[in-house]
Amino acid sequence: MPRSRSHLKLTSPCSPKAVHKVISRFSPEKKQLVRSIGFGGLLELPLHRKVGHRFSLWLLTKVARDATRAQSAAAGKVAGIPFYPHDVSIVFGVPSGGRPVPKKDQVQGLVSDEAKATVRGALGLDEGDDSRLRILHAAKHVLKKRFRRGMAEKDRAAFKVAFVVFVVENLLAPREVDSISLDYFMALRRPDEIQTYDWSEYVIRVILDSACQVQAAFAQGRPVENLFGCILFLQIFYLDNLDFGREKNLLHDHTPRCKAYDYDTIKKLAKADRTRYRDGGLRSFGRKSAREASDVCYERSITRCGNHVNGVVVGSADGGEQDGHSDDIVFTDGRVFNQKILCEVCGDVGMEDLVMFCACGATVHQYCSDPVVLDATLVEWSCDECQAKQGNAAADKLSAEALNRKRPSHYLTEITVATNSVSKKACVQKGDQEEHFA
């Protein structure tokens, strides 16, 4: 007799607990390697004892592809709230906006020998070792390996490949419990180019595939037992966009957002969103409404709130408005800059409409700044270097004013102070005499 939907035994290869257990023991050198490939946000991942499968199942039944985007674009909605690839970067701090990771149907049977050899060589596997358990065990072994005299170049390359394999299969885009996907191996052929791929888009792509499979199973009356894809992203993104009241809403003042959502926080908020009725025998959620777009740090806030960022109007070079991203950034004073601008914190070239500009030319995303800037029109952002210079200048001015207040009245000129550790001589006059001091 088949089990009822309310008594399904659900499993998932998504295991943030396994990822946290490994990365929490990384040395400073290993953490720096993780940051160098653009995955530094995962270092902030808190401990999750487990993932709520029934909450995840409900979320997957509420996922739909975003019909307003191109069919090939990886974008969707969960319970009516739109999500985009860059939202994955906001949640987990992984690369977004680069080259697309090869699609499964593009590389099925066509994964190059070079890609397979790179991964097997990094993990120390023999030809034919393609089982998920074997690959994950080998990747974990590489990540836990200790280097008393530092890592050689070969060790660093192997670590980068092993890390991506481990987090993709355990968190970001796991597909099956007992098998491993080979499509993203093509993005690991050159370890130094890992950060140039759009891993956030790949995460969304697998989530949409998972939702499609779950919904097809329900439509055909088949049981659902395996939830693949990054179900943790769906949980964090969905709850982070709900309105639980002013006192209970989490502030969107830092990224990655996963840092604010451990297991207990997700459980408490999901319980508050639970309804009293069941949907087709399943536990149902959706009690709370979505927060205002201007109150969140995700891409939907830009979609609804316009494209004015830090005094910059985003549009075409001739001043016309465009949907989505434009080719140029037009400053209010008439200067035009191309949108291919690197954020100096995350290294991304995407989401140019969220970039803030310093007077010296430095750039940063609103969500990468510390603290996060929700409305850039209300602030005048300066980079750390310029802030330090401004602070030094202000301190120097105060010091000079203090000295001048104390100087004898018969001094004819004001005293100036050396700055930036540069030895300069200040000259004061007393009658016809000049006195020099460093």
Rounded to the nearest 0.5 Å, what separation is found between the CH2 atom of Trp58 and the CZ atom of Arg283? 13.0 Å
Let me confirm one number: the CG-NZ distance from Asp273 to Lys271, rounded to the nearest 0.5 Å. 13.5 Å
Tyr261 versus Asp240, side-chain donor and acceptor atoms under 3.5 Å: yes
Within 45 degrees of the axis of the six-membered ring of Tyr197 and under 6.0 Å from its centre: does Arg99 put its NZ or CZ there? yes
Looking at every heavy atom in both Ile37 and Gln195, which two are closest together, and how far apart are they? O-CB, 3.2 Å
Quick one: are the ring centres of Tyr298 and Phe83 less than 6.0 Å apart? no
Between Asn241 and Tyr238 (side chain of the first, backbone of the second, donor and acceptor by atom type, cut-off under 3.5 Å), is there such a pair? no
Is a salt bridge present between Arg49 and Asp264, judged by a nitrogen-to-oxygen distance below 4.0 Å? yes
Residue pair Tyr202 / Pro85, side-chain heavy-atom distance below 4.5 Å: no
Minimum-distance pair of heavy atoms, taken over all atoms of Leu172 and Cys230: O-CB, 3.1 Å
For Leu59 and Phe285, what are the C-alpha separation, side-chain angles and deciding distance, and is it a side chain to side chain contact (heavy atoms under 4.5 Å, CB included)? CA-CA 9 Å; Leu59 288 171; Phe285 300 82; over 6 Å; no
Checking the side chain of Ser36 only, and the main-chain atoms of Leu33 only, is there a donor and an acceptor separated by less than 3.5 Å? yes
Ignoring hydrogens and angles, tell me if any N or O in the side chain of Lys30 forms a donor-acceptor pair with the backbone of Leu143 under 3.5 Å. yes
Does the side chain of Leu242 reach to within under 4.5 Å of the side chain of Leu269, using non-hydrogen atoms? no
Donor-acceptor contact below 3.5 Å, side chain Thr255 vs main chain Arg257: no
Counting only N and O atoms by type, is there a donor-acceptor contact under 3.5 Å from the side chain of Gln235 to the main-chain atoms of Ile266? no
Drop me the distance from Leu10's CG to Asn226's CG, to the nearest 0.5 angstrom. 9.0 Å
Just wondering, do Val34 and Ile23 contact through their side chains at under 4.5 Å, heavy atoms? no
Can you check whether Val168's main-chain N or O pairs, donor with acceptor, with Trp199's side chain at less than 3.5 Å? no
Smallest heavy-atom separation, Ala74 atom then Leu208 atom, equals CA-CD1, 4.3 Å
Between Ser89 and Val94 (side chain of the first, backbone of the second, donor and acceptor by atom type, cut-off under 3.5 Å), is there such a pair? yes
Point-to-point distance, once rounded to the nearest 0.5 Å, from CZ of Arg156 to CD of Glu29: 6.5 Å
Looking only at heavy atoms, the pair that brings Pro95 and Gly38 closest together is CD-O, 3.1 Å
Angle class for the Phe233/Phe237 ring planes (parallel below 30°, perpendicular above 60°, tilted otherwise)? parallel
Under the 3.5 angstrom rule, does the side chain of Arg205 hit a backbone N or O of Val101 as a donor-acceptor pair? yes
Salt bridge (charged side-chain N to carboxylate O under 4.0 Å, His left out) assessment of Asp87 paired with Arg300: CA-CA 9 Å; Asp87 293 330; Arg300 75 182 180 96; over 6 Å; no
Does any non-hydrogen side-chain atom of Val63 lie less than 4.5 Å from one of Lys77? no
Examine distances only and state if a side-chain atom of His252 and a backbone atom of Cys297 form a donor-acceptor pair shorter than 3.5 Å. yes
Using a 4.5 Å cut-off on heavy atoms from C-beta on, say whether the side chain of His53 contacts that of Ser12. yes
Only one of Ile207, Leu239, Leu227 forms a side chain to side chain contact (heavy atoms under 4.5 Å, CB included) with Leu234, so which one is it? Ile207
State, to 0.1 Å, how close Gly229 and Val206 come at their nearest heavy-atom pair, and which atoms those are. CA-CG1, 3.8 Å
Could you work out, with side chain to side chain donor-acceptor pair (under 3.5 Å) as the rule, every residue matching Arg120, not counting sequence neighbours? Asp130
Can any side-chain N or O of Arg189 pair as donor or acceptor with the backbone N or O of Met186 at less than 3.5 Å? yes
When you compare the side chain of Lys17 with that of Lys50, does any pair of heavy atoms fall below 4.5 Å? no
With Phe26, which of Phe147, Phe159, Phe39, Phe166 fulfils ring pair (Phe, Tyr, Trp, His ring centres under 6.0 Å)? Phe159
Side chains of His20 and His48, heavy atoms from C-beta outward: is any pair under 4.5 Å? no
Decide side chain to side chain contact (heavy atoms under 4.5 Å, CB included) for Val364 and Val355; before the verdict, give the C-alpha distance in whole Å, the side-chain angles of both, and the deciding distance to 0.1 Å. CA-CA 5 Å; Val364 69; Val355 172; over 6 Å; no
Going through the distances and angles, do Ile231 and Leu60 end up as a side chain to side chain contact (heavy atoms under 4.5 Å, CB included)? CA-CA 8 Å; Ile231 54 180; Leu60 286 171; 4.3 Å; yes
Between Val51 and Ser56, is any pair of side-chain heavy atoms under 4.5 Å apart? yes
As a quick check of understanding, evaluate side chain to side chain contact (heavy atoms under 4.5 Å, CB included) for Asp243 and Lys288, giving each step before the final call. CA-CA 6 Å; Asp243 189 355; Lys288 302 295 181 180; 5.9 Å; no
Rounded to the nearest 0.5 Å, the CD1 atom of Ile90 sits from the SG atom of Cys258 at a distance of 12.0 Å
On a heavy-atom basis, the closest approach of Pro16 and Leu232 is CB-CD2, 3.8 Å
When rounded to the nearest 0.5 angstrom, what is the spacing between CZ in Phe357 and OG in Ser382? 14.0 Å
